[in-house]
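Data block below; observations after.
Being a predicted model, the structure only gives us computed values, none of them experimental.
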Amino acid sequence: MAPEVLKKNYNQKCDIWSCGVILYILLSGQLPFKGKTKQQILDQISRGQYDFEGEEWVLVSEKAKAFIRKLLTYDYNLRYSAEQALQDPWITTTIAEKKDVVVTLAALNNLRTYRVS
């Protein structure tokens, strides 16, 4: 859920935020916004707080992390549009070079143990 959704003032860029959340989960096996309670998670979302700490991020490229940052930009006026996202260097080089995205064992284990509270 994008911060602007919490404020009930949103547009199509909240979908870009959701893409960033999904990519973060796919590459790390974790949610970008963590907390023990729903309120703690909503507080982190409302502040746009997330990080790339942990062993699951070691093999993730800086281009991929930069792309996620652009998708999860707090101010939706500065957040990527869908067109900009498709032109991002991580997307274009991954496709052009036919690279596989490396997912670490730590990320896969995180996905295996994921539980909705």
Side-chain angles (χ1 to χ4, degrees):
M1 175 181 321
E4 60 271 21
V5 173
L6 295 174
K7 297 173 188 171
K8 299 180 187 209
N9 180 24
Y10 55 91
N11 59 28
Q12 73 278 3
K13 289 218 179 160
C14 67
D15 295 333
I16 299 300
W17 178 277
S18 297
C19 290
V21 170
I22 292 166
L23 183 57
Y24 188 104
I25 293 167
L26 289 173
L27 293 178
S28 71
Q30 298 181 17
L31 295 170
F33 305 100
K34 300 167 186 77
K36 292 182 180 179
T37 67
K38 182 178 178 180
Q39 189 57 51
Q40 288 175 340
I41 294 167
L42 293 174
D43 290 345
Q44 282 194 346
I45 292 169
S46 67
R47 291 189 301 270
Q49 277 186 318
Y50 63 94
D51 61 50
F52 295 111
E53 296 176 10
E55 66 179 283
E56 56 275 354
W57 290 105
V58 172
L59 296 177
V60 176
S61 72
E62 287 306 314
K63 281 185 181 179
K65 292 175 193 174
F67 182 52
I68 292 171
R69 283 185 197 97
K70 291 172 184 168
L71 298 176
L72 294 179
T73 297
Y74 183 81
D75 181 345
Y76 66 84
N77 292 306
L78 302 174
R79 190 179 307 147
Y80 262 179
S81 66
E83 186 176 339
Q84 288 171 310
L86 291 172
Q87 299 305 314
D88 184 83
W90 185 68
I91 295 291
T92 58
T93 58
T94 301
I95 291 169
E97 297 172 8
K98 295 184 173 120
K99 283 186 177 179
D100 286 332
V101 176
V102 175
V103 177
T104 66
L105 183 57
L108 291 174
N109 285 332
N110 289 339
L111 283 171
R112 281 189 198 109
T113 60
Y114 175 74
R115 300 276 187 274
V116 175
S117 313

Check against side chain to side chain contact (heavy atoms under 4.5 Å, CB included), Val21 and Tyr50: CA-CA 10 Å; Val21 170; Tyr50 63 94; over 6 Å; no

Side chain to side chain donor-acceptor pair (under 3.5 Å), that's the test. Do Gln84 and Asp88 meet it? Break it down for me. CA-CA 6 Å; Gln84 288 171 310; Asp88 184 83; over 6 Å; no

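The two atoms that bring Tyr74 and Ile45 nearest to each other are CE1-O, 4.0 Å, heavy atoms only. Minimum heavy-atom separation, Ala2 to Arg79: CB-NH1, 4.4 Å. Nearest approach of Lys34 to Gln30, heavy atoms of both residues: CE-OE1, 2.9 Å. Taking both residues in full, the closest heavy atoms of Leu86 and Thr92 are given as O-CG2, 3.8 Å, listed atom of the first, atom of the second, then distance. Smallest separation of non-hydrogen atoms from Pro32 and Ile25: CD-CG1, 4.3 Å. The two atoms that bring Leu71 and Ala85 nearest to each other are CD2-CB, 4.1 Å, heavy atoms only.
Evaluation of the side-chain hydrogen bond (donor to acceptor under 3.5 Å, both in side chains) rule for Tyr10 yields no partner, not counting sequence neighbours. Every residue was checked against the side-chain hydrogen bond (donor to acceptor under 3.5 Å, both in side chains) condition with Ser46, not counting sequence neighbours, and none meets it.
Two different hydrophobic clusters hold Met1 and Tyr76 under the rule that ILVMFWY side chains link at heavy-atom gaps under 4.5 Å. When hydrophobic clusters are built by joining Ile, Leu, Val, Met, Phe, Trp and Tyr residues whose side-chain heavy atoms come closer than 4.5 Å, directly or via intermediates, Leu42 is grouped together with Val5.
Rounded to the nearest 0.5 angstrom, Lys13 NZ and Asn77 CG are separated by 6.5 Å. Remark: Trp57 CH2 to Leu27 CG distance equals 5.0 Å, nearest 0.5 Å. The line from OG of Ser18 to CG of Leu23 is 12.5 Å long, rounded to the nearest 0.5 Å. Rounded to the nearest 0.5 angstrom, Ser81 OG and Gln87 CD are separated by 9.5 Å. In this structure, CD1 in Ile68 is found 12.0 Å from NZ in Lys70, a value given to the nearest 0.5 Å. Put simply, CG on Leu72 and CD on Gln49 are 13.0 Å apart, with the number rounded to the nearest 0.5 Å.
Ring centroids of Trp17 and Phe33 are separated by less than 6.0 Å, placing the two rings close together.
Other residues, nucleotides and ligands contribute only 12 or fewer heavy atoms inside 6.0 Å of the CD atom of Glu83.
In this structure a side-chain-to-backbone donor-acceptor pair under 3.5 Å is missing from Tyr80 to Arg69.
Taking 4.0 Å as the cut-off between side-chain N and carboxylate O, Glu62 and Lys65 count as a salt-bridged pair.
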